[in-house]
Each structure stands twice: as C-alpha cells, then as structure tokens.
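Computed from heavy atoms alone, side chains included, the values below leave out hydrogens, waters and symmetry copies. Model, not experiment: these values are computed from the prediction.
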Amino acid sequence: MDFPSGGWGRDAEVPSARPVPGAGPGAVNPFLSLLHSISSGLSETELSAMKFLCRDKIRKRKLETVQSGRELFSILMEQQEISSGSLEFLRKLLQHIDRDDLVAQLVQFEEEEPHAPDGQPDVHEKGLLKAASAVICDNVGKEWKKLMRELGMPEVKLDRIEAAHRFNLYEQLVQALREWQRWKGKDAKVADLIKALRGCSLNLVADMVEEKISQLNTGAR
C-alpha cells in the first residue's frame, strides 16, 4: 500500500520508531500503521481539539503548521511523548475527544502478542534472572507496575495480570516478570532489570540484586 508522502509535515522528519517485534525487513511497521489508521479516522474538529490538548507539549508556531494527525504524531514521536511501548498520552488524547473506537484500536495493538526473539537466555543468564527476580519479588510491593512500565510492558498486560491476581501483590509481580522474560526471549538481561529499578528510584533493591548477582558470579568461577 502506498502511503501519502506529504503528510508528515514540512519541518518534521519521520522519526525512527523503536523496533517493533514482528516488523522485519519489507514489513510495514505495525506502530506506524496504527498511527496512520488513527490519523485517517480524525475529523478536522477532532484534530483541532487534539492540537489544543498538545499546547503544553509542542510550540505554538509548530502546532500551527500541523494539518493532519500524521504530522501531529510525528512531532510527538520526535519529542518522545509517544512510542510503540508508551501509548498512554495518545490514549488520553483519544479519550478526550470521545473516540472510543480509536481507543479500542490502541488496546488491540497493545494486546497483540509480540513475537519474542528466537531462543532463550543462555543457562548462566537464566540462573541470574531467576535469582534477580526472587530478590525483586521479595522487595518490590505496590510499585511493581511502575517497574514493569520502566521495562516497557504495555499497560493492558499489566491490567490483565492485576485482575487475574487481585489482592496478591507478590503473585502479580511474579507473573509480570515471567511475562517480561517470555516477551524479551533471549534479550532478557539482568542488567535491564537493574537499570529499570534505578529508573524507578528503587535503588536499594537494585543494590540487593547487584550484590546477589555478584555472589553468584563469584561462586561460578
């Protein structure tokens, strides 16, 4: 399918979106396809309303040049307000203009099972992940969703896990970490868990994980 070439804006380059699982060479990027579909469904009045809601995100002069949803989304991607793994701001925009049908498209995109990279972490890394996960589950309570968001997990998956294990924070985090490892496949790394913990200001837990990993690595020599 040929997409209009002039719709991304005169002064905005098309940003390189974060790789989306399943979007290989020659495939249309699912995230960009989603944005194109949403843009095509917006009326001029709805676009105007969305532009107004973005006034605290985008300079007035730049907003005035926006003539389509694609142009608006391009700028928001450049400014890292939206991405394939961070759709909350876009969801709020669509909710504010009462487009539940477009919100449903967003939810469907988030619910589609990503194709994890082939293979699994090697035996050593799997052991480290198991140990790190045990430390995290023992020491991260009500902030578990914040941690999983930092790891890039879609909100809809977190809500599903929370609903399935209501009132059991420990089991919610156990299942969320399992889902994250399955999602990442061979790319699941303890280093990512530590980075996410620090990104959430859970530095004490990050230190505990690092200490545990250090002990295991020393014992393996």
Treating R99 as the side-chain partner and E46 as the backbone partner, does any N or O pair qualify as donor plus acceptor under 3.5 Å?
no

Taking C-beta and beyond as the side chain, do L42 and I97 meet within less than 4.5 Å on heavy atoms?
yes

Can we say R182 and E179 salt-bridge, meaning some charged N sits less than 4.0 Å from an Asp/Glu carboxylate O?
yes

Hey, can you pull the donor-acceptor pairs under 3.5 Å for the side chains in residues 128-138, sequence neighbours left out?
residue, atom, partner, partner atom, Å
S133, OG, L129, O, 2.8
S133, OG, Q181, NE2, 3.2

Heavy-atom nearest pair, F31 first then S83, reads CZ-C, 3.4 Å

Run through L90, L106, V103 and flag the one making a side-chain contact (heavy atoms from CB on, under 4.5 Å) with Q95.
V103

At what distance, to the nearest 0.5 angstrom, does NZ of K51 lie from CG of L47?
5.5 Å

Answer yes or no: is there a side-chain heavy-atom contact under 4.5 Å between L72 and L63?
yes

What is the minimum heavy-atom distance between L35 and F73, and which atoms define it?
O-CE1, 3.6 Å

Would you say the side-chain atoms of Q79 pair up with the backbone N or O of K57, donor to acceptor, closer than 3.5 Å?
yes

Residue pair I58 / K62: nearest heavy atoms and the distance that separates them
CG2-CB, 3.9 Å

Please report the closest heavy-atom contact between F109 and L34, naming both atoms and the distance.
CG-CD2, 3.7 Å

Any side-chain heavy atom of E88 sitting closer than 4.5 Å to one from R149?
no

Between S74 (side chain) and R70 (backbone), is there a donor-acceptor pair under 3.5 Å?
no

K212 atom NZ, neighbour heavy-atom count above 12 within 6.0 Å:
no

A side-chain contact here means heavy atoms from C-beta on lying under 4.5 Å apart; do C54 and L93 qualify?
yes

Hey, can you pull the donor-acceptor pairs under 3.5 Å for the side chains in residues 191-201, sequence neighbours left out?
residue, atom, partner, partner atom, Å
R198, NH1, N203, OD1, 3.2
R198, NH1, D207, OD1, 3.4
R198, NH2, D207, OD1, 2.6
R198, NH2, E210, OE1, 2.9

Does K92 offer a backbone N or O that forms a donor-acceptor pair with the side chain of H96 under 3.5 Å?
yes

Given side chain to side chain contact (heavy atoms under 4.5 Å, CB included), test W183 with L151 step by step and report yes or no.
CA-CA 11 Å; W183 176 44; L151 286 166; 5.8 Å; no

State which residues pass salt bridge (Lys or Arg N to Asp or Glu O under 4.0 Å) with E125; sequence neighbours excluded, sorted by chain then number.
none

Locate the shortest heavy-atom distance separating V66 from E71; write the atom from each residue and the value.
CA-OE1, 3.1 Å

Measuring only between side-chain heavy atoms, which start at C-beta, is K145 closer than 4.5 Å to E155?
yes

Work out which heavy atom in W180 is nearest to a heavy atom in M148; give both atom names and the distance.
CB-CE, 3.7 Å

